[in-house]
Amino acid sequence: MAVCEIWDVRGRLDHPLEYVKNPDKTAAPEYTEDELQSLSDVMSYATNSEKTEKKFYVRGINCDPVSARTEMLMAKAQWNDESRIICYHGFQSFRPGETTPEKAHEIGVRLAERMWGARFQVIVATHLNTECLHNHFVINSVSFMDGKHYHDNRENLRLLREISDELCREYGLSVIEKPEGRKKQYALYQAEKAGLPTRDSVARQAVDEAIAGSFTMRDFIALMTQMGYQVDCSPGHKYWTIKGKGWKRAKRLYRLGEDYTNDRIRERIGRNSYAVRFSYKGQSDKPYPVFRLKQGSLTKARKIGGLRGLYLHYCFRLGILPKAGKQNYARLHYLLKEDLLKMDAISRETRLLCRNGIETDEQLQEFKDSLKKEMQELERERKEICSKSRGNPGRAGESGLERRKEISERLGIIRKELRLCKGIEQRSGSLREKLAVIREDERKEREQNEHGRRSGRPGRQNDTGRSRGGC
């Protein structure tokens, strides 16, 4: 059984494993550093020696694996390609223990030859570092034959899977006869692989929490409503749905997993005991820690403001700070849930601001200018070292070569920090707007709760929830 997927790579590859530290200096002028970096990232990940056992299972189709990046850029330059899609990254994964590395690699090469070999440059690499042997494919987005682009559409994905199934049958491997589900977005696939919270995982947390605190379907709907979800579990509907604030359309609950079908939700709620509701909760024996200040007062403590304070506060709201056990994202504000997939980027930007003490836009701009100035000086120094060693590597000496390596490593760090600065400039305004909306919503909720308390109707939210969903 082989599973196939493919994604386009734009700008830069947001992959947790970045192996290349800087692009080669033979870059074509029409491509930006980020775009060249993304091609290097995806090719380095696919051909990583730790995963492929010293590149024994790496093969180039219409290109040499050693110079594949340069050859792909030459094909783009030949046809004046200006597309933002730099390449395509696909994979073919096999069931554990069903095949050998040699056979998996052979299948991958034949698949690439039949699918893209007539017109495109492809790198095929077989990874052996997991229980599931899997092939990675890096496909140039433009054809070296006619300059036309490859299109990642449903028809080509269906053709890729059909060819893969034919080869699996030929080699005596199992095949998924009735594939289910839609193709996942690459960002979602990477987030799940890295263990980051996604819309589905947050929805599962919310449903699990609602089921745990419910004794009837009305209770379930009321709790889901409190967490900002609309639930339709009408008995006349074949599939129950859930829709969070900010979602464009509802999602069928059964797509969250086997435990979220109509019957399983009823069964899980039915297992809850009414005795739990009326059980006495005794006083906890756990001592509460008490902290005292030796000197000074918290009222006089300096508050962190500006960009640094904005990001730290947003990380706290998002659940990144403080890290204390497993985070519950089910009750997050819907605007915060939208940024869960961006937690890694927001964390890196926060560390940059705190590490350099940046609090204002002016300080951020000064930091950027200093990085650009340092980058220009280092590039000039590296160019001088390269010019000395051109034609005679011994002229630069060991110290020169070592210095060039240090410069390349530092340039890689500078490029990453410049990208983070750019991200801060683009993101900071939206963070302020979201926090303002969140504060306003919380204020309205407090006023509504206070009004309900004074009017003597503490069950108002439950009454509202019971009127929804028709259950």
Side-chain angles (χ1 to χ4, degrees), residues 181-182 184-185 187-188 191-192 196-272 277 314 317-320 326-343 434-435 437-449 452 457-471:
R182 297 180 180 178
K184 290 183 180 178
Q185 294 180 354
L188 180 61
E192 291 180 348
L196 295 174
T198 63
R199 175 179 289 185
D200 285 359
S201 64
V202 173
R204 289 189 195 98
Q205 275 190 342
V207 174
D208 291 340
E209 183 175 332
I211 290 175
S214 301
F215 302 94
T216 65
M217 289 304 301
R218 288 181 177 178
D219 294 338
F220 174 73
I221 296 171
L223 290 174
M224 291 298 294
T225 302
Q226 290 177 16
M227 288 185 281
Y229 291 93
Q230 297 178 9
V231 182
D232 181 1
C233 56
S234 174
H237 291 176
K238 183 178 180 181
Y239 302 110
W240 292 349
T241 61
I242 181 176
K243 184 177 182 181
K245 287 185 179 179
W247 294 15
K248 293 182 179 179
R249 53 189 168 203
K251 184 182 186 69
R252 292 178 176 176
L253 278 169
Y254 80 88
R255 293 189 180 277
L256 296 177
E258 296 179 356
D259 282 337
Y260 303 92
T261 62
N262 301 7
D263 294 336
R264 281 291 294 146
I265 290 175
R266 287 197 196 95
E267 180 184 345
R268 292 170 65 186
I269 292 176
R271 289 178 179 176
N272 294 337
R277 175 178 293 182
Y314 200 81
R317 289 292 193 121
L318 202 56
I320 302 175
K326 187 177 180 181
Q327 295 290 347
N328 183 2
Y329 302 102
R331 294 185 177 273
L332 280 181
H333 192 277
Y334 74 96
L335 291 177
L336 293 171
K337 290 176 182 176
E338 293 175 357
D339 284 339
L340 288 176
L341 284 179
K342 305 171 186 175
M343 286 175 61
K434 288 180 179 180
L435 286 174
V437 174
I438 292 169
R439 292 191 188 101
E440 181 64 19
D441 289 347
E442 289 175 346
R443 183 189 64 80
K444 292 179 180 178
E445 185 177 356
R446 285 195 300 269
E447 291 179 353
Q448 183 179 0
N449 292 338
R457 296 183 61 194
R460 178 171 295 181
Q461 288 183 341
N462 278 344
D463 293 339
T464 304
R466 290 172 184 171
S467 64
R468 302 186 58 146
C471 292

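Heavy-atom basis, side chains included; hydrogens, waters and symmetry copies ignored.
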Check your understanding: How far apart are the C-alpha atoms of R264 and R268, what are their side-chain angles, what is the distance that settles it, and do they pass the side chain to side chain contact (heavy atoms under 4.5 Å, CB included) test?
Key -> CA-CA 6 Å; R264 281 291 294 146; R268 292 170 65 186; 3.9 Å; yes
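- With respect to R439 and E442, no salt bridge is recorded, no charged nitrogen being found less than 4.0 Å from a carboxylate O.
- The CH2 atom of W240 sits 8.5 Å away from the OG1 atom of T261 when rounded to the nearest 0.5 Å.
- Between M224 and V231 the shortest heavy-atom distance is CB-CG2, 3.5 Å.
- Counting non-hydrogen atoms of neighbouring residues, nucleotides and ligands closer than 6.0 angstrom, the CD atom of E440 exceeds 12 such neighbours.
- Residue M217 holds its CE atom at 6.5 Å from CD1 of I265, rounded to the nearest 0.5 Å.
- Of all heavy-atom pairs between A206 and Y229, the closest is CB-CE1, 3.5 Å.
- Rounded to the nearest 0.5 angstrom, D339 CG and H333 NE2 are separated by 12.0 Å.
- The pair K251-D200 counts as a salt bridge, with a side-chain nitrogen and a carboxylate oxygen less than 4.0 angstrom apart.
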Check your understanding: When you look at L318 and Y329, which way does the side chain to side chain contact (heavy atoms under 4.5 Å, CB included) test go after all the steps?
Key -> CA-CA 8 Å; L318 202 56; Y329 302 102; 6.0 Å; no
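- Rounded to the nearest 0.5 angstrom, R255 CZ and Y239 OH are separated by 8.5 Å.
- The structure places CD1 of I269 at 8.0 Å from CG of D219, a figure rounded to the nearest 0.5 Å.
- The pair K444-D441 fails the salt-bridge criterion, with no side-chain N (NZ, NE, NH1 or NH2) lying under 4.0 Å from an Asp/Glu carboxylate O.
- When each of R199, E338, K337 is checked for a side-chain contact (heavy atoms from CB on, under 4.5 Å) with W247, only R199 meets the rule.
- For the pair R266 and F220, the NZ or CZ position fails the cation-pi test of under 6.0 Å to the six-membered ring centre and within 45 degrees of the ring normal.
- With hydrogens and angles disregarded, a donor-acceptor distance shorter than 3.5 Å links the side chain of N272 to the backbone of I211.
- The distance from atom CD of Q205 to atom CZ of R331, rounded to the nearest 0.5 Å, is 11.5 Å.
- Distance alone, capped at 3.5 Å, is enough to place a donor-acceptor pair between the N262 side chain and the K238 backbone.
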